[in-house]
Amino acid sequence: MNPKALRGMNDILPEASATWRHVESIVQQVIESYGFREIRVPIMEHTEVFARAIGGDTDIVEKEMYSFKDRNDESLTLRPEGTAGMVRAGITNGLFHNQRQKLWTFGPMFRYEKPQKGRFRQFHQFDVEAFGYPGPDIDAELMILCARLWHELGLSRLTLEINSLGTEHSRAKYVQELVKYFSAVKNQLDEDSIRRLEKNPLRILDSKNPDMQELITSAPVMTDFLDAESAEHFEACKVLLEAAGVAYKVNPRLVRGLDYYNLTVFEWVTDALGAQGAVCAGGRYDGLVEKLGGRATPAVGWAMGVERLVALFETCGGKTENTAVDVYIVAVGESAFARALETAENLRDQIRSIKVEVNLGGGSFKSQLKRADKSGASFAVILGEEEVARNEAGLKPLRSREHQVNVAMNNLAAEVASRLNS
Ligand code: ATP
Ligand code: MG
């Protein structure tokens with residue numbers, strides 16, 4: 001058998017995972033600096049949870065979900081996004097009743113898409129969601145958090161696009177206008193759009209079909225139909241962004257690919273990654289908790305695509321810490337090897353977060369030193385019969401021209417520590 005990887009599902013190899021961990025740790029740290037707390041939820045739910053939350057006329061539910069029957073004949077789905085599962089978990093665990101919650105999660109998502117650059121079938125998202133906050137202040141804070149994150153990661157070339165989808169009431173009026181407009185040009189619509197014209201006209205604006213873009217550009221815009229409440233919410237959000245110095249552009253065609261949004265929606269996009277330029281997207285979804293069976297709870301959040309984030313980090317010249325070991329222990333002879341394992345434990349005991357690799361599987365001095373060099377270690381600690389007899393170790397700098405020195409065993413940790421720190 002020649003095992004094949006699944007299409008669109010990537011292995012993240014050690015070189016790459018170092019960058020991922022670096023990026024992830026900064027994202028987590030920034031998210032938590034705004035008072036969000038981590039929640040971990042299963043990567044599968046009853047299909048119904050996603051179908052109801054995301055909406056039947058969306059790309060995700062229509063053609064992208066990994067759904068299957070389990071052994072009990074129940075329809076389950078690998079999560080295509082994080083919000084629905086978080087809302088389900090909040091309802092199940094009574095997190096929303098008379099409470100406010102700021103939650104985040106991270107993990108793999110699954111969508112049966114056409115794999116291409118920046119678009120995969122298993123990909124990863126950070127999800128940040130706030131429940132119980134009705135005002136525009138949290139909408140703005142969620143975007144300000146992103147701006148801080150770009151700064152911390154050293155990212156440039158990201159712009160913020162915002163829009164308001166209005167309240168349900170004001171959207172209904174707009175949708176009427178939209179239907180009028182698209183019906184008049186029905187013969188120019190693609191198949192998906194014709195179907196959506198009946199079922200969910202707003203979705204047409206989210207079409208990725210290039211042939212549809214001209215029609216979409218000339219369509220009426222939501223911002224002309226906002227009622228007083230929606231307009232006020234949108235204005236307040238903009239004022240807060242301006243006060244925080246976060247630049248934005250109003251994009252009246254931004255509707256997002258999921259059904260549950262209302263009022264504020266936004267996307268952070270970059271021109272640095274080619275066609276797949278959306279790095280982070282979100283908005284308000286005040287109706288979703290109730291739709292999934294909980295009490296009405298205002299909610300807003302965003303999801304960030306980590307593959308695209310890491311790609312942008314690399315494009316912007318982001319550097320990751322060296323993941324090589326600090327010390328490689330070379331030991332020739334039986335008694336020396338026994339001493340090597342002991343020495344390694346001592347170093348780990350005495351120097352916080354030091355990385356030590358002991359040469360396993362024997363070999364000559366020469367071959368062990370070769371491995372030491374290849375390991376990327378800063379120093380080789382050398383133990384031969386002579387050193388062991390004198391209760392010493394050789395300390396050989398591998399990344400400089402400095403000479404090897406002999407160090408008394410009980411001084412080794414202090415000597416290594418001071419050299420690693422300098
Ligand atoms: P797109 O318009 O690129 O299809 P979307 O609107 O479907 O994105 P969301 O559901 O809002 O995306 O997901 C939030 C983020 O997750 C996106 O902005 C993107 O960074 C990332 N993302 C979505 N789908 C994929 C995928 N198939 N592969 C990699 N990243 C993805
Ligand atoms: Mg999509």
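Computed from a prediction, not measured in an experiment: that's the story for all the values here. Atoms within a ligand are numbered from 1 in the order they appear, just like the ligands themselves.
The aromatic rings of Trp268 and Trp150 stand perpendicular to each other, their planes meeting at an angle above 60°, with 30° marking the opposite boundary. Note on ring orientation: taking the six-membered ring where Trp is involved, the planes of Trp104 and Phe126 are tilted (angle from 30° to 60°). Ring orientation note: the planes of Tyr285 and Tyr261 are nearly perpendicular, at an angle over 60° on the 30°/60° scale. In this pair, His22 and Phe313 present their aromatic rings tilted. The plane angle is within the 30 to 60° band.
Using a 4.0 Å cut-off between heavy atoms, Val279 contacts ligand 1 through its backbone alone, with no side-chain atom that close. When non-hydrogen atoms are compared, ligand 1 lies under 4.0 Å from neither the backbone nor the side chain of Met109. Only side-chain heavy atoms of Lys208 come within less than 4.0 Å of ligand 1; its backbone N, CA, C and O stay farther off.
Within ligand 1, the atoms closer than 4.0 Å to a non-hydrogen atom of Gly118 are 28 (N), 29 (C), 30 (N), numbered from 1 in the order shown. Below 4.0 Å from some heavy atom of Ala281 lie the following atoms of ligand 1, by number and element: 11 (O). Atoms of ligand 1 lying under 4.0 Å from any heavy atom of Ala303, numbered from 1 in the order shown and given with element: 14 (C), 15 (C). With ligand atoms numbered from 1 in the order given, ligand 1 contributes 17 (C), 18 (O), 19 (C), 20 (O) to contacts under 4.0 Å with heavy atoms of Ala278.
Judged purely by atom type and a 3.5 angstrom limit, Glu129 has no side-chain atom pairing as donor or acceptor with the backbone of Asp127.
Taking only nitrogen or oxygen atoms, main chain and side chain alike, Ile60 does not reach within less than 3.5 Å of ligand 1. In terms of polar-atom proximity, Glu267 is not counted as a contact of ligand 1, lacking any N or O under 3.5 Å from an N or O of the ligand. Checking only distances, Arg308 does come within under 3.5 Å of ligand 1, N or O to N or O.
A distance of 14.0 Å separates CZ of Phe266 from CG of Asn251, quoted to the nearest 0.5 Å. With rounding to the nearest 0.5 angstrom, the NE2 atom of His233 is 3.5 Å from the CG atom of Asp139.
Ligand 1 lies out of reach of Gln276, whose nearest heavy atom is not under 4.0 Å from it.
Among Lys117, Gln125, Glu81, the residue whose heavy atom lies closest to atom 13 (O) of ligand 1 is Gln125. Nearest residue to atom 1 (P) of ligand 1 from Met304, Glu307, Arg119, Gln122 is Arg119 (criterion: closest heavy atom).
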message: As a quick check of understanding, evaluate side chain to side chain donor-acceptor pair (under 3.5 Å) for Asn346 and Thr343, giving each step before the final call.
response: CA-CA 5 Å; Asn346 282 338; Thr343 304; 5.5 Å; no
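Residue Ala377 comes nearest to Arg399 through the heavy atom pair O-NE, 2.8 Å, listed as atom of the first residue, atom of the second, then distance.
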